Amino acid sequence: MVNQRFVPRQNTSHKALTTAHLAQTMTLLALNNQELLEKIQGELATNPALDLNETNHCPTCQRIIKNNSYCPNCSHSASNEDPVVFVSSREDISSSRNSNDIISDDEFTSQQEDLPTYVLRQIATELEIDERALAAHILSSLDEDGLSTTSNVEVARYHHVSLSKVEKVMELINKSDPIGVGCSSPKAALLTQLDMIDDGQFIDPLTYKVIDIGLDNLSKNQYELLSKKLGVTIQRIEKISSFISSNLNPYPGRAFWGNVRHQENPTLQRYKNPDVIINIQGDPNDPQFIVEVMWPIRGTLKLNPAFKKAMAEAPENKSGEWKEAIEKANLLIKCLIQRNHTLVQLMQKLSVLQRDYILKGDAYIKPITRAKLAKEIGVHESTISRAVSSKSAQLPSGKIVPISIFFDRSLHIRTALKEIIANEEKPLSDTKLVKLLSEYGYDIARRTVAKYRSVEGILPAHLRNSQ
DNA sequence: CTATGGCACGGATT
DNA sequence: AATCCGTGCCATAG
């Protein structure tokens with residue numbers, strides 16, 4: 001029985017492998033970092049032939065890095081050559097490496113971790129024994145957005161400890177990853193995150209105030225109302241608003257643990273961890289890009305050597321099953337390499353083509369289609385589509401955008417439109433806007449201007465108030 | 001009468 | 001084949 005099944009598989013294995021390879025690469029390509037993480041964890045849990053060499057340290061500077069995130073310290077200091085585009089993936093994958101790891105059952109149990117555990121693990125060392133109970137209490141009350149549903153007072157009373165003690169623990173929790181977790185409201189979460197942003201980029205001091213008093217208006221796009229309230233220009237409010245939405249996340253739990261449920265909402269997408277990070281290096285006038293394709297797990301995936309060895313003495317009835325496991329593991333690793341390769345290629349081309357956009361912003365985007373790009377790197381269009389969909393990139397400015405933005409056909413016109421409207425003296429009607437835009441070289445229909453306005457959340461002329 | 005939004009069509013894109 | 005996007009036509013509001 002075993003042999004009969006075994007022999008024909010050998011014969012077709014070459015062909016079968018390549019098609020399977022292709023198919024799986026395609027599915028993997030379509031996954032973003034979050035989804036890939038789940039996939040790999042699932043595979044690790046079910047396939048004993050697969051092995052993960054875990055590392056908690058940043059490969060370059062050896063600092064402890066948090067799950068899923070990049071090392072804040074040194075991640076961009078890797079290159080010493082100076083190619084136009086330097087591409088590095090954070091971790092590499094290798095199909096075989098000698099190692100004397102022993103199989104233990106623990107390695108194959110699920111590594112899924114829920115949010116409370118994840119946070120607790122980060123702060124555990126900083127807590128006294130009695131404080132852990134408090135932390136556990138607080139964390140168990142988190143809702144699905146990562147916000148706390150209990151008040152500090154409540155916790156303090158329950159545990160008969162001073163309020164300040166609870167607050168101390170709470171602060172620790174708030175500042176762990178994802179930042180803002182355990183806050184009592186979206187507002188509090190935003191403020192905490194704002195405090196923690198510390199990468200030297202300019203932050204409008206008014207941002208605090210805007211969050212504090214104007215969050216409701218902000219979410220309803222009532223910019224002009226807010227600008228009146230605070231007595232500043234509407235442009236300033238808009239700037240602050242876009243800063244908030246691209247850098248802060250009112251629902252900390254969703255950023256890291258967001259599941260399918262949230263994917264329907266594209267505005268929440270950009271809060272996720274980026275799948276690609278683009279940074280600049282060297283001469284600010286003529287910088288090189290450092291493009292990093294993120295790798296969702298810490299450590300190196302490989303074929304479990306101990307399992308391979310054990311194959312030799314595999315019991316008769318298990319050998320087929322085991323062989324299959326090894327093949328599957330091998331395939332997965334190969335496909336992952338392929339996926340990364342494709343992604344790297346894609347980003348390389350994209351970062352060259354959209355250089356101006358990456359450096360100078362929305363107005364400089366060039367309309368390219370996936371199809372054109374596909375031809376250029378010689379892959380099928382659908383490959384590009386998969387690679388692009390549901391993934392995000394972090395630009396040098398720190399802004400996180402969906403990668404599909406690189407293929408936006410009208411973004412440049414829309415930004416021109418926004419600019420015109422921002423600088424208008426009196427509210428301009430759509431027809432006048434058409435004229436002005438055509439002077440910029442953008443010939444579009446009146447109806448289209450209206451569409452763009454609504455996309456950008458800009459009110460019609462008669463409802464806009466010039467200040 | 002002017003400005004704008006809704007609907008739907010056709011061509012391009014995915 | 002399905003979806004997205006720009007646009008024209010028409011109804012409606014001001």
Side-chain angles (χ1 to χ4, degrees), chain A residues 22-32 35 220-225 234 260 263-270 275-276 338-339 342-343 345-347 349-350 353-354 357 362-393 401-466:
Chain A
L22 223 69
Q24 194 172 6
T25 310
M26 284 302 158
T27 28
L28 288 178
L29 200 58
L31 303 181
N32 62 28
E35 295 155 348
K220 290 178 197 151
N221 280 338
Q222 299 167 331
Y223 297 141
E224 83 270 39
L225 207 145
I234 192 163
V260 252
Q263 291 197 354
E264 325 139 6
N265 189 339
T267 50
L268 284 174
Q269 284 254 340
R270 57 186 156 162
D275 300 287
V276 173
Q338 179 80 55
R339 179 196 117 108
T342 313
L343 227 46
Q345 265 205 314
L346 170 71
M347 291 314 296
K349 268 280 186 287
L350 271 184
L353 283 168
Q354 300 288 24
Y357 163 70
D362 290 353
Y364 296 88
I365 200 133
K366 292 194 192 90
I368 27 176
T369 69
R370 292 156 225 255
K372 256 186 229 154
L373 196 71
K375 221 171 230 174
E376 215 167 306
I377 38 183
V379 294
H380 197 277
E381 321 173 350
S382 71
T383 311
I384 303 281
S385 280
R386 287 167 199 276
V388 161
S389 67
S390 82
K391 292 196 189 58
S392 54
V401 297
I403 291 186
S404 58
I405 209 172
F406 289 102
F407 298 95
D408 196 309
R409 271 182 281 165
S410 55
L411 186 65
H412 52 149
I413 309 188
R414 293 207 307 274
T415 35
L417 179 68
K418 270 200 285 191
E419 215 183 286
I420 293 177
I421 292 180
N423 297 327
E424 73 189 359
E425 309 260 307
K426 277 220 159 103
L428 298 162
S429 77
D430 288 357
T431 336
K432 284 177 188 148
L433 289 169
V434 170
K435 230 178 191 168
L436 283 173
L437 278 170
S438 75
E439 283 168 23
Y440 281 69
Y442 301 135
D443 286 314
I444 54 171
R446 183 233 101 215
R447 191 63 191 77
T448 310
V449 173
K451 270 260 158 84
Y452 287 171
R453 265 196 307 102
S454 75
V455 170
E456 297 293 339
I458 301 170
L459 291 169
H462 59 278
L463 292 178
R464 279 190 314 243
N465 281 325
S466 50

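Small disclaimer: the values here were computed from a predicted structure and weren't measured. Chain naming here is simple, since letters A, B, ... match the order of the sequence lines and numbering starts at 1 in each.
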May I ask you to test the M26(A)-T383(A) pair for a side-chain heavy-atom distance under 4.5 Å?
yes
Residue set satisfying salt bridge (charged side-chain N to carboxylate O under 4.0 Å, His left out) with K451(A), at least two apart, ordered chain then number -> none
Tell me, for nucleotides 8-14 of chain B in 5' to 3' order, what letter each nucleotide earns: B for a base near a protein heavy atom under 4.0 Å, S for only sugar-phosphate near one, - for neither?
B----SB
Does NZ in K432(A) sit with more than 12 non-hydrogen atoms of other residues, nucleotides or ligands closer than 6.0 Å?
no
Identify the 5'-most and 3'-most nucleotides of DNA chain C with at least one atom closer than 4.0 Å to a non-hydrogen atom of chain A.
dC5(C) to dC9(C)
Check: residues 437-445 of chain A side-chain donor-acceptor pairs under 3.5 Å, at least two apart:
unit_1: S438(A); atom_1: OG; unit_2: K435(A); atom_2: O; d: 2.7

R464(A) atom CZ is separated from dA3(B) atom C1', nearest whole Å, by 11 Å
For R453(A), the salt bridge (charged side-chain N to carboxylate O under 4.0 Å, His left out) test, sequence neighbours excluded, returns D430(A)
Mind checking S410(A) for me? I need base, sugar-phosphate or nothing, with any heavy atom below 4.0 Å counting as a touch.
sugar-phosphate
Minimum heavy-atom distance S392(A)-I403(A), with the two atoms named
C-CG1, 3.8 Å
Using a strict heavy-atom distance below 4.0 Å, which residues from residues 428-447 of chain A are in contact with DNA chain C?
I444(A), A445(A), R447(A)
Charged N-O contact under 4.0 Å between E424(A) and R464(A)
yes
E456(A)/K418(A) salt bridge by N-O under 4.0 Å criterion
yes
Would you say the side-chain atoms of Q354(A) pair up with the backbone N or O of F406(A), donor to acceptor, closer than 3.5 Å?
yes
Can you measure L459(A) atom CG to dA3(B) atom C1' for me and round it to whole angstrom units?
14 Å
So which heavy atom on A30(A) is nearest to which on E35(A), and how close?
O-OE1, 3.9 Å
